[in-house]
Amino acid sequence: MRKTFRPRRSVLYVPASNAKALAKIASLDADAVIFDLEDAVAPQAKDDAREALRNYFRANPASKAERIIRINALASEWGAEDLLAARACKPDAILLPKVETPQDVTGVTEILEETDASENIRLWAMIETPRGILNADEIAELGLRSTGRLDCFVVGTNDIAKETGVSTDGNRAYLVPWLMQIVLCAKAGKLDVIDGVYNDFADAAGFTLECDQGSRMGFDGKTLIHPAQIGAANHAFSPDKAALAAARSIIEAFSLPENADKGAIALNGKMIERLHLANAEKMMAKAQMTGDKA
C-alpha cells in the first residue's frame, strides 16, 4: 500500500479510561491522537478502558485527527485482547510498545493479515529501550517493504531514561546522540518519527524550546501529554513563511520550460538540485494540509 502524507506535528496521548478527555478530542487541533491502553491505564482498569474505546469509536466513526491506539505488548496478559479491540475499532494505526526487533512488528502484521484486517490500519513502533535503539535500523527497514504496515517511530524518552539512568534535564544533551540515531534510522526507512513527551506541561517556555530542538533534529512532530501543548507543537513543526516562500520559488523555477530537463539550476545565487525540489514539494504539501501560507 502506498503511504500518504499526514501531518503529525502534535500527537496527543489520551488515556482510553478517561471519559472527560475522550469527550474533548473533537474540539482539539492536534494532528493525531494516541488512545492509550498501556501506561496510562492501571491494570485493574484495562477491561473497562478497552470497552470505553470500543464505545468511543462506535459513537465517533470519523475524525479530523489521525487516530492511533497504543496497545500493551502482546507478551503481556492484556496484549492479545488489546489487539483484537484495536483491530475492531479500525483506527488509522496501532502503536506497539517497546519494539526491540523487526519480529515485534512483523508478528503483529501477520496477525492482522490472517484476520483480514483492513490494509488502512498501519503500525507505529515505540522505540524506548536500549535494544530498540540498537536495532532501530533493522526495524526501520520494514518501512521500505511494499507489503509492510510500518509508518512511524515514536520515541519513548521517559523509558529510555529509566532503562539507562541518563539525565533528561536541561537540553537533553546526554539523550541527543541516541535521538539522532533513531531519527537517522527512521528516515532511512522512509518513516516519520515523533519526539518524546515533555513532562512538565506547566512549563510552556521549556516545552517550546524542546519542540524547537526536536524540529531542528529532524523529528516530524512531538508527543504530548496535555492539550495546552498542542499550539506550540503545531507552530514549531510547521515551516515558517520564509521557508515556504523559498520552497515556492524553487518549484516555480523548475517549472519553467528552460529548466524542465535540468538536474540543477542557479537560483538567487545558489545551486539548486532536484533533491531540493522534492523537499520543496513536500514542504508545500504539508503546508497545504495544515493551512500554512507563504
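- Take A49 and apply the side chain to side chain contact (heavy atoms under 4.5 Å, CB included) test, not counting sequence neighbours, and it matches A16, S17, L37, V41.
- With respect to the salt-bridge test (charged N to carboxylate O, under 4.0 angstrom), the residues R50 and D82 qualify.
- Evaluation of the side chain to side chain contact (heavy atoms under 4.5 Å, CB included) rule for V176 yields M180, Q213, M217 as partners, not counting sequence neighbours.
- Contact check on R67 versus D92 returns no salt bridge, with no Lys/Arg side-chain nitrogen under 4.0 Å from an Asp/Glu carboxylate oxygen.
- Residue M271 belongs to no hydrophobic cluster, having no ILVMFWY side-chain heavy atom closer than 4.5 Å to its own.
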Let me have the donor-acceptor pairs involving side chains of residues 20-29, under 3.5 Å, with sequence neighbours excluded, atom names and distances please.
unit_1: S27; atom_1: OG; unit_2: K24; atom_2: O; d: 2.7

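- For E113, the side chain to side chain contact (heavy atoms under 4.5 Å, CB included) partners are T109, R149, not counting sequence neighbours.
- Cluster partners of V197, using a side-chain heavy-atom cutoff of under 4.5 Å among ILVMFWY residues and allowing indirect links, are V11, Y13, I34, I68, L95, W124, M126, V154, I194, F201, I225.
- Applying the side-chain hydrogen bond (donor to acceptor under 3.5 Å, both in side chains) definition to pairs two or more places apart or across chains, those involving residues 176-189 are K187-D220.
- Grouped by direct or indirect side-chain proximity (heavy atoms under 4.5 Å, Ile/Leu/Val/Met/Phe/Trp/Tyr only), L256 sits alone.
- Residues forming a side chain to side chain contact (heavy atoms under 4.5 Å, CB included) with A52 (at least two apart in sequence, or on another chain): none.
- For E66, the salt bridge (Lys or Arg N to Asp or Glu O under 4.0 Å) criterion is met by R8, not counting sequence neighbours.
- For R172, the salt bridge (Lys or Arg N to Asp or Glu O under 4.0 Å) test picks out D195, E210, with sequence neighbours left out.
- Residue pairs meeting the ring-ring contact (aromatic ring centres under 6.0 Å, His included) criterion with at least one partner in residues 44-65, sequence neighbours excluded, are F35-Y56, F35-F57.
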